[in-house]
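All remarks here apply to the structure that follows.
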Amino acid sequence: MFVRELTTRPSRRGVNVVALDSGAGLANATLQQRLVPVRLFYDFLIEEGLRESNPVGRGAYTPGRRFRAGQGSRPLVPRMVKLPWIPSDAEWLQLLAVFRDEPIRNRVMLALAYDAALRREELCSLRTDDLDPAHRTLRVRAETTKTRRERVVPYSAPTGLLLAEYLRHRAMLSRARGLLFLSESRRNHGEPLSLWTWSKVVRRIALTAGVPRFSTHTTRHLCLTDLARTGWEVHAIATFAGHRSTDSTLRYIHLSGRDLAAKLNSSMAQIHAWRVGTLAEANSPGTTEDSA
């Protein structure tokens, strides 16, 4: 009954989510999250000897080993895995056209978010002493990352110029060392910029540009995908992104349909040329014996 109610509950976001995800109101990822505490509760009941099976388990239960996936076992709610969305070139230009009129702080935050593939918390938690302008690198502190692993990542020369301009502007707000990005609102003037403020800025710009799917995480997806397009190895991209394993990297990196079409056309052209060549050789004089 609980699962049935989850799969039919209407979403606050409206009918668009119905068509994209679960066939009902809630997104597939939301359904999975709602089932986690139920699964853990039944795990506890089994450990206490109050139940013999878990209706939300991942497979057959083995005492002392929790659940193990068995042959033919199916989850209560199938997990859907979707590719992360990235903007087209035209959509990216639309966004940049709007960002061009933004204050220097917002422009440099977008540039750093893309250059260093930063998550929202990593970006908003940058400190002034995390920067190394001489080498154009920045340190992403372990306590701000999802995997709790520190890393040092580079940023581009154009972003370095924007950053230098912002640092001069920041000095007029506060000369104190600390968090890099500061609020300029009358209520929180000179205070650290919050995650939610940056999300609101990005959301406003996305709607103004007519690209509503753009979010604070899109620049990270776009950067990692661009690195894959330029030929970076998966392990190098995983290190750059701060992923624990390449499995996470592969989920975040994908080639667009246009890229796949170009690869297909290129490979098919080579295959076609090879087949035409072999046919020409087969039909050239002297390749077959004259029949008597």
Side-chain angles (χ1 to χ4, degrees), residues 83-87 89 92 95-96 99 102-170 177-182 192-199 201-202 205 214-256 259:
L83 291 174
W85 176 83
I86 58 173
D89 291 344
W92 179 244
L95 289 160
L96 293 184
F99 261 105
E102 287 292 303
I104 180 61
R105 184 201 68 193
N106 295 347
R107 284 184 283 141
V108 75
M109 287 184 74
L110 176 74
L112 283 176
Y114 171 78
D115 278 0
L118 298 177
R119 301 178 179 92
R120 181 184 62 167
E121 184 176 357
E122 295 170 349
L123 176 67
C124 294
S125 300
L126 285 176
R127 300 176 60 86
T128 53
D129 53 351
D130 290 334
L131 304 175
D132 183 357
H135 298 93
R136 288 206 309 270
T137 60
L138 57 87
R139 178 177 59 161
V140 184
R141 296 171 182 258
E143 60 269 23
T144 68
T145 67
K146 185 177 179 180
T147 58
R148 296 298 183 260
R149 292 187 175 188
E150 185 173 299
R151 66 187 191 274
V152 176
V153 289
Y155 55 86
S156 65
T159 298
L161 296 177
L162 275 177
L163 184 57
E165 182 181 348
Y166 171 70
L167 290 175
R168 290 191 292 269
H169 174 74
R170 184 188 183 280
R177 298 176 69 86
L179 290 177
L180 178 61
F181 299 114
L182 304 178
L193 187 74
S194 70
L195 305 178
W196 316 116
T197 299
W198 175 237
S199 293
V201 168
V202 172
I205 291 172
F214 187 83
S215 71
T216 57
H217 213 64
T218 303
T219 47
R220 179 173 168 85
H221 293 161
L222 184 59
C223 174
L224 299 182
T225 301
D226 285 346
L227 293 179
R229 287 169 171 167
T230 56
W232 277 42
E233 296 292 337
V234 173
H235 290 281
I237 298 175
T239 301
F240 183 86
H243 289 153
R244 287 184 180 275
S245 69
T246 56
D247 291 340
S248 299
T249 309
L250 292 174
R251 284 198 297 267
Y252 278 77
I253 299 174
H254 69 281
L255 296 177
S256 67
D259 298 323

inquiry  = Nearest 0.5 Å, please: how far is SG in Cys124 from CG in Leu195?
reply    = 5.0 Å
ask   = For Ser215, which residues count as a side-chain hydrogen bond (donor to acceptor under 3.5 Å, both in side chains) partner, sequence neighbours excluded?
value = Thr218
note = Nearest heavy-atom approach of Ser194 to Thr197 is OG-OG1, 2.8 Å
task = For Thr128 and Gly178, indicate whether the former's side chain and the latter's backbone hold a donor-acceptor pair under 3.5 Å.
result = yes
request  = Inspect the contact between Asp226 and Arg229 and indicate whether a charged nitrogen and a carboxylate oxygen are less than 4.0 angstrom apart.
outcome  = yes
Rounded distance (nearest 0.5 Å) linking atom CZ of Arg119 with atom OG1 of Thr219 = 11.5 Å
request  = Taking all non-hydrogen atoms of both residues into account, name the closest pair between Arg105 and Leu182 and its distance.
outcome  = NH1-O, 3.1 Å
ask   = Which pair of heavy atoms, one from Pro87 and one from Leu222, lies closest together, and at what distance?
value = CG-CD2, 4.2 Å
task = Look up atom CD1 in Ile86 and atom OG1 in Thr225, then write down how far apart they are to the nearest 0.5 Å.
result = 4.5 Å
inquiry  = Using 30° and 60° as the class boundaries, would you call the ring planes of His217 and His221 parallel, tilted or perpendicular?
reply    = perpendicular
ask   = Among Leu112, Asp132, Leu162, Leu118, which one satisfies side-chain contact (heavy atoms from CB on, under 4.5 Å) with Tyr155?
value = Leu112
query = Parallel, tilted or perpendicular: which fits the ring planes of Tyr166 and Phe181, with parallel below 30° and perpendicular above 60°?
reply = tilted
inquiry  = Test: side chain to side chain donor-acceptor pair (under 3.5 Å). Region: residues 156-165. Which pairs qualify, not counting sequence neighbours?
reply    = Asp115-Ser156, Asp115-Thr159, Ser156-Thr159
request  = Pick out which of Arg149, Arg141, Arg151, Arg148 makes a salt bridge (charged side-chain N to carboxylate O under 4.0 Å, His left out) with Glu122.
outcome  = Arg151
Interatomic distance, Arg168 atom CZ to Ile104 atom CD1 [nearest 0.5 angstrom] = 9.0 Å
ask   = Okay, side chain of Asn106, backbone of Pro103: is any donor-acceptor separation there less than 3.5 Å?
value = no
ask   = What pairs with Glu121 under salt bridge (charged side-chain N to carboxylate O under 4.0 Å, His left out), at least two apart in sequence or on another chain?
value = none
task = Check the pair His243, Thr147 against side-chain contact (heavy atoms from CB on, under 4.5 Å), reporting the backbone distance first and the verdict last.
result = CA-CA 7 Å; His243 289 153; Thr147 58; 5.9 Å; no
query = For Ser125 and Glu143, what are the C-alpha separation, side-chain angles and deciding distance, and is it a side-chain contact (heavy atoms from CB on, under 4.5 Å)?
reply = CA-CA 10 Å; Ser125 300; Glu143 60 269 23; over 6 Å; no
inquiry  = Just checking Phe240 against Trp232, ring centres under 6.0 Å apart?
reply    = yes
note = Note: Arg136 and Ala157 closest approach over all heavy atoms is NE-N, 3.5 Å
ask   = Would you say the side chain of Leu131 lies within less than 4.5 Å of the side chain of Leu163, judging by non-hydrogen atoms?
value = yes
task = Measure the shortest side-chain to side-chain distance between Glu150 and Val140 over non-hydrogen atoms and say whether it is less than 4.5 angstrom.
result = no
Student check: side-chain heavy atoms of Leu138 and Leu126 closer than 4.5 Å = yes
inquiry  = Quick check: closest heavy atoms across Leu224 and Ala117, and the distance to 0.1 Å?
reply    = CD2-CB, 3.9 Å
ask   = Would you say the side chain of Ile205 lies within less than 4.5 Å of the side chain of Glu102, judging by non-hydrogen atoms?
value = yes
ask   = Less than 4.5 Å apart, any side-chain heavy atom of Val234 and any of Leu250?
value = yes
note = Looking only at heavy atoms, the pair that brings Trp198 and Arg120 closest together is CD1-CG, 3.9 Å
